[in-house]
Number of protein chains: 2
Amino acid sequence: MDFTQLETLLAVAEEKGFSRAAARLHRTQPAVSQTIHKLEGDLGELLFDRSSREANLTTAGEVLCDYARRLLKLRSEAGSAIQEIRNLERGRLQLAANEYTCLYLLRVLDRFQRICPQIGITVHRSLASKIPEEVLERTVEIGILSFHPEGEHLRTIAVYTDELALVVSPRHPLARARRVTIEDLGAENFIAHNVPSPLRRQVIAAFAKHKTPLNMGVELPSLEAIKRCVSLGNGVALVPGLTVEQEIASGELVRVPVEALRFERHIRLVHRKRAPLSHAAAAFLQVVRDLAGDAGEPYEFRVERSV
Amino acid sequence: MDFTQLETLLAVAEEKGFSRAAARLHRTQPAVSQTIHKLEGDLGELLFDRSSREANLTTAGEVLCDYARRLLKLRSEAGSAIQEIRNLERGRLQLAANEYTCLYLLRVLDRFQRICPQIGITVHRSLASKIPEEVLERTVEIGILSFHPEGEHLRTIAVYTDELALVVSPRHPLARARRVTIEDLGAENFIAHNVPSPLRRQVIAAFAKHKTPLNMGVELPSLEAIKRCVSLGNGVALVPGLTVEQEIASGELVRVPVEALRFERHIRLVHRKRAPLSHAAAAFLQVVRDLAGDAGEPYEFRVERSV
DNA sequence: GGATTGGATAAGTAAATATTATAGTACCGG
DNA sequence: CCGGTACTATAATATTTACTTATCCAATCC
């Protein structure tokens, strides 16, 4: 029992004749006869009473017509559902981000949702170091990272350039200083993120280069905790600009520019290079690309080579 | 999109691999690859991500799998439904009978319903003369008649031999008579059915043969009315035995045997000779045949030749 | 980095499904 | 009642579709 047979059945039933059905199906009459004959053979039941001029359904034929209509309708729905996926009227995008890269994501999501309101989004909150494997294992389709992951199978796209910001409490002496050099920071208590990162090493190197002591008296596990700690006047911290935009705007924290501590941090999207991109993911990437075009710096869309 | 493709899709999805799916489907791996490839081409969408060792569904693939399961389930239900018709677990039998032949039908129906409890029955109440055309026009599948209809396309089966009964009221003088001859009826008022029938002519001929006057003072349109009329003592009537069995048993009417008025009436089934018999109709005929075998006279099952 | 597993591709073959041609059967009108 | 018309079945043939074998290529495992 295949769809062609069912379509033929319905055509014959509705046209009340094999010849007319053949015309409707753009097929010859013997083709229709054979199709129905084969279907009858498969089922072991006659479907039509051909004894009179017009073909009439038997009981079995009537019952099967009923199913045929339902089956063909369902098949057509299936086709539409696939169309909907292509048209971004259906689907879900699985993303992975960490505490920090989430902040970038928020800026894109808003725009994405306006363009693809029907696409659901799931953001998996992960540790940065776990994100590449989540992408490789297909738990998520796109990861958002602040480092360039290794791996032949990943495609990395730099999408945002963030600058580290040295932040202090508004009541801190440095908050009112005209010009601050790295040497001025030797006496300060640095509050650090307790995860190893390339950035951390760069900072240590910068202080070493200027022969300035670096006091990392407090190490905290979250950016939220670091910001709160600085805000209470317990030290200074070097954090990604994105994470403190809000607090600087509200005056809760003050950013202190230091020439020797200008570090950039690139936010990247990663996805499996060889896997076919879902339409939802492709649309997401397009939104990111458009954002770079419309909003300009610090947004960008720069595919990086694999390492 | 055909069922083979959908089955293949599910096999690959469930086995997470083309080769394993091929084994399950008793087909070779290239066949599976080609089937999926063609399906993808038809839909314009990739269904699997083959980039890793195991095949993973894309969004479109997942959606289609969902539909595939529903479609295959529905097809299997359709197959079962056809089976049910064959097994007499589903169906409806359309019969045509008139006031009189209905009485025969009642005796068969009881037995039929015990054997085929799932088969619905619709009895079309028709005028006897209209029944053959109802059968020919397929309004009903089997007609029940008391005469032998003409027509090359009808098959006629005599199933019951009924005898006409002369009935009178229990208070009528003939009710107590020892032996009644046709001549004794010359003074009686005959209540007749006002439809012309071969039988009516036979009765008139019998009276003429015995040179007995026949007074048909009252003509009524239904057997029910005739019986009531006789029961009230307004005359005598010659009616089919089947129609008065109840009343004779209850004593409401009395049957008076008259040698010269022994007329037989055959009840027949008719159906289209060339049309395929439904399983329900075939079962019905079998019940009628069995009844003839089990119950014996007056039941029978005698196919008559077409005229 | 070679071995292994799994999928794609190409060419040839088998099977299914179409077509043309023709014969047979119901129904209609003179 | 009989020939014309309308319709379906069947046979022979052609075409398309789907499967198999053989081989290649990519990813993963050890």
Side-chain angles (χ1 to χ4, degrees), chain A residues 1-9 11-42 46-58 61 133 136-138 151-154 272-276 306, chain B residues 1-9 11-42 46-58 61 133 135-138 150-154 272-276 306:
Chain A
M1 196 194 304
D2 61 35
F3 286 113
T4 308
Q5 290 172 327
L6 296 178
E7 278 166 341
T8 308
L9 171 72
V12 176
E14 283 162 17
E15 299 288 344
K16 288 191 174 297
F18 287 58
S19 307
R20 284 180 292 277
R24 172 162 137 187
L25 298 168
H26 308 295
R27 223 160 279 150
T28 58
Q29 170 265 311
V32 172
S33 282
Q34 289 171 53
T35 299
I36 297 295
H37 189 254
K38 182 171 184 307
L39 182 56
E40 288 175 331
D42 292 348
L46 281 178
L47 297 170
F48 289 98
D49 169 7
R50 292 108 154 144
S51 65
S52 81
R53 200 146 188 149
E54 56 181 31
N56 287 85
L57 287 166
T58 62
E133 49 191 90
L136 287 170
E137 285 167 2
R138 266 169 288 263
E152 182 61 31
H153 298 319
L154 290 176
R272 290 179 31 95
K273 198 182 280 181
R274 285 176 235 282
S306 297
Chain B
M1 195 194 303
D2 61 37
F3 286 112
T4 309
Q5 290 172 328
L6 296 177
E7 279 166 341
T8 309
L9 171 73
V12 176
E14 283 162 16
E15 298 288 344
K16 289 191 174 296
F18 287 57
S19 308
R20 283 180 293 277
R24 172 162 135 188
L25 297 168
H26 308 294
R27 222 160 278 153
T28 58
Q29 171 264 312
V32 171
S33 282
Q34 289 170 43
T35 299
I36 297 295
H37 188 255
K38 182 171 185 308
L39 182 55
E40 288 175 332
D42 293 347
L46 282 179
L47 297 169
F48 288 99
D49 169 8
R50 294 105 154 145
S51 65
S52 80
R53 200 141 189 156
E54 56 182 31
N56 287 85
L57 286 166
T58 62
E133 49 190 272
V135 172
L136 287 170
E137 285 166 2
R138 268 168 288 263
E150 289 182 8
E152 182 61 30
H153 299 316
L154 291 175
R272 288 175 37 91
K273 200 182 279 180
R274 286 176 234 282
S306 297

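The structure displayed is predicted, hence computed values, not measured ones. Residue numbers begin at 1 in each chain, while the letters A, B, ... track the order of the sequences.
Side-chain atoms of B:Gln34 stay outside donor-acceptor range of the base of C:dA8, with no qualifying N/O pair under 3.5 Å.
Judged purely by atom type and a 3.5 angstrom limit, A:Gln5 uses its side chain to pair as donor or acceptor with the backbone of A:Asp2.
Under 4.0 angstrom from either OP1 or OP2 of D:dC19 there lies no side-chain N or O belonging to B:Thr28. Taking side-chain N and O atoms only, B:Thr35 has no distance below 4.0 Å to OP1 or OP2 of D:dT17. Side-chain nitrogen and oxygen atoms of B:Arg50 include none within less than 4.0 Å of the OP1 or OP2 phosphate oxygen of D:dA26. Phosphate proximity of C:dG6 to B:Ser19: absent, as no side-chain N or O sits under 4.0 Å from OP1 or OP2. For the pair B:Arg274 and C:dA26, the criterion of a side-chain N or O lying under 4.0 Å from OP1 or OP2 is met. For D:dA9, the OP1/OP2 oxygens have a side-chain nitrogen or oxygen of A:Ser33 closer than 4.0 Å.
B:Arg53 has its CZ atom 15 Å from the P atom of C:dA3, to the nearest Å.
The side chain of A:Arg27 lies closest to C:dT19 when the candidates are D:dC19, C:dT19, C:dA26. Distances were taken from every side-chain heavy atom of B:His37 (C-beta onward) to each of C:dT9, C:dA8, D:dT10; the shortest belongs to C:dT9. Checking C:dG7, C:dC27, D:dT28 against the side-chain heavy atoms of B:Ser52 singles out D:dT28 as nearest.
In this structure, A:Phe3 and B:Phe3 have parallel ring planes: the angle between them is below the 30° cut-off, well short of the 60° mark.
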Next item on the list: List the steps and the verdict of salt bridge (Lys or Arg N to Asp or Glu O under 4.0 Å) for B:Arg24 and B:Glu14.
Entry: CA-CA 10 Å; B:Arg24 172 162 135 188; B:Glu14 283 162 16; 2.7 Å; yes
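Along DNA chain C, the nucleotide nearest A:Ala31 and the nucleotide nearest B:Phe18 are compared for position; the residue whose nucleotide lies closer to the 5' end is B:Phe18. Mapping B:Arg20 and A:Pro30 onto DNA chain C by nearest heavy atom places B:Arg20 closer to the 5' end of the strand.
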